[in-house]
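Pasting a structure below so you can have a look.
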Number of protein chains: 2
Amino acid sequence: MISDDLLKKYGAEKVHLVKREVLFGVDTLPRYYFQVISGKIKMNNFNEDGKEFIQGIFSEGLSFGEPPLLAELAYPAYAEAVANSIVWKLEKSKFLALLKENPETHLVLTKVLARRLHYKATMVAEISSESPEHRLLKLIDYFKTHIHKIPDEEPYLVELSRQQMADLIGLRVETVIRAIKSLEKKNILQLQSHKIVR
Amino acid sequence: MISDDLLKKYGAEKVHLVKREVLFGVDTLPRYYFQVISGKIKMNNFNEDGKEFIQGIFSEGLSFGEPPLLAELAYPAYAEAVANSIVWKLEKSKFLALLKENPETHLVLTKVLARRLHYKATMVAEISSESPEHRLLKLIDYFKTHIHKIPDEEPYLVELSRQQMADLIGLRVETVIRAIKSLEKKNILQLQSHKIVR
DNA sequence: TTACTTTTATGACTTAAATCATAAAAGAAC
DNA sequence: GTTCTTTTATGATTTAAGTCATAAAAGTAA
């Protein structure tokens, strides 16, 4: 999202994370801007009885955790490496200077936040009032068109596990599995040796 | 959020809305920046069987609907006047010029988006995995500390109806009413002639 | 003060998704 | 190719919240 050159120029450092390593915890105060160089980071919550909710999955080039950094609020979730990863880490004050001195980059960031807010607004309405099948379809279609930018008519092979999908839309795996079966019967999506194609 | 002077300078116009009037519909493309002058606007969704979900309630001084305007996406929800209201309306191109030429204002907007993203992230995790009582408390505490900025030790008289709270956290009125009763019994909140005090 | 509307309240019943148990595939590691 | 782990799958049962019905307060308008 922010170019490597610019990040280096402002003194960003690389952080290496092994799979399952936690980068920051929920309710802690942000001190850095983070952006994925390689690998995959997820932000997630756990309720009292350990049920996970995935706020987002961030891969190469994407930043994460900027909202609380900008709003001066505690992190609303954990950040955990889904795979071995490398991320840029830039001190808050340097990040703010970067934004100030690079208005085009600032606008890019604003648009990123806007897009994320749009995703959250869509998902929260889904989660609060739609059926498992509806929620699942919205999620898959969101990933197809917005994350991977695949045209409607081209097939999309879903890379998410059933558990991950469940955690992204607030359901249990079994419910997701049953919803997938039902959607397949209705020919709304296809299964190719357990992989979902939409 | 953006000062009246600045809005006027860039050619913003006033729009008058009567209670229940709809300013824009879901799935339509944004063309304007909006900011409440007086009254109250809510953004909401309805599922197939008419169940409402309230994305947010915006009162004096607050902007709404900017994310899809910036992200070039369709509105994820309706905007409807909760009371007779007046709002500023500024054309997209003029709004973008305003941001470009007023970096401090741009940063203010970025922070507003960041705060809203924080609210959404918190709420979606709640809605997806917490009990009605937990969700209700989070909502009330959010309004107390973040919307009205009331110190912890001071009492907060909740201005939301049970139906509105239900629609903000994806529950049914009856469930909210029962959760309130239960929280009162546990002395977590008080009821003063049906008004909630926390 | 009365009439009408909206909001709050409560009990009985239903239902969709969670939970629990168990197993078969698929994938990764050696 | 065998072992171990993770993911997918399915049936039976439970349960929390939704639904439905009905009414009492509270608020508003004439």
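In what follows, every chain begins at residue 1, and chains take the letters A, B, ... in the order their sequences are listed. Please read all numbers here as calculations on a predicted model, not as lab measurements.
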Practice task
Ignoring hydrogens and angles, state whether a donor on the side chain of A/Gln35 or A/Tyr32 is under 3.5 Å from an acceptor on the partner side chain.
Solution key: no
Problem - Rounded distance (Å) that lies between atom P of D/dA17 and atom NZ of B/Lys181 - result: 18 Å
Problem - Parallel, tilted or perpendicular: rings of A/Phe64 and A/Phe34 (30°, 60°) - result: parallel
Exercise for the section: Could you run through nucleotides 21-30 of chain C and give me one letter per nucleotide, 5' to 3': B if any protein heavy atom sits under 4.0 Å from the base, S if only the sugar-phosphate is that close, - if neither? Expected result: ----SS----
Practice task
Could you tell me the separation between the CD atom of A/Glu130 and the C1' atom of D/dG18, rounded to a whole number of Å?
Solution key: 15 Å
Practice task
Grab the CZ-P distance between A/Arg172 and D/dT8 for me, whole Å please.
Solution key: 16 Å
Practice task
Find the distance A/Leu183:CG to D/dA9:P and express it as a whole number of Å.
Solution key: 13 Å
Problem - A/Gln163 CD - D/dT5 P separation (whole Å) - result: 19 Å
Handout entry: A/Thr175 side-chain N/O to C/dA18 phosphate OP1/OP2 under 4.0 Å
Key = yes
Problem - Minimum-distance nucleotide (side-chain atoms of B/Ser131 versus C/dA18, D/dA17, D/dG11) - result: D/dA17
Exercise for the section: For C/dA9, take OP1 and OP2 only and decide whether either is under 4.0 Å from a side-chain N or O of B/Arg162. Expected result: yes
Practice task
Write down the distance between NZ (A/Lys51) and C1' (C/dT19), rounded to a whole number of angstrom.
Solution key: 12 Å
Handout entry: Nucleotide D/dT7, atom P - distance to CD of A/Glu52 in whole Å
Key = 12 Å
Handout entry: Chi angles and distances behind the side chain to side chain contact (heavy atoms under 4.5 Å, CB included) call for B/Met165, B/Val158
Key = CA-CA 10 Å; B/Met165 291 188 279; B/Val158 179; 4.2 Å; yes
Practice task
Classify the ring geometry between A/His146 and A/His118 as parallel (under 30°), tilted (30 to 60°) or perpendicular (over 60°).
Solution key: tilted
Practice task
Applying side chain to side chain contact (heavy atoms under 4.5 Å, CB included), run through A/Leu136 and A/Leu171 and close with a yes or a no.
Solution key: CA-CA 10 Å; A/Leu136 191 60; A/Leu171 293 172; 5.9 Å; no
Problem - B/Glu52 and B/Lys42 ion-paired at < 4.0 Å - result: yes
Practice task
Quick one: label A/Leu171 by what it contacts on the DNA or RNA (base, sugar-phosphate, nothing), any heavy atom closer than 4.0 Å.
Solution key: sugar-phosphate
Problem - 5' precedence on DNA chain C between B/Arg178 and B/Leu160 (nearest-nucleotide basis) - result: B/Leu160
Problem - Basic-acidic side-chain contact under 4.0 Å: A/Lys40, A/Glu159 - result: no
Fill in the blank from the handout: Whole-Å distance, A/Glu133 CD to C/dA16 C1', equals 12 Å
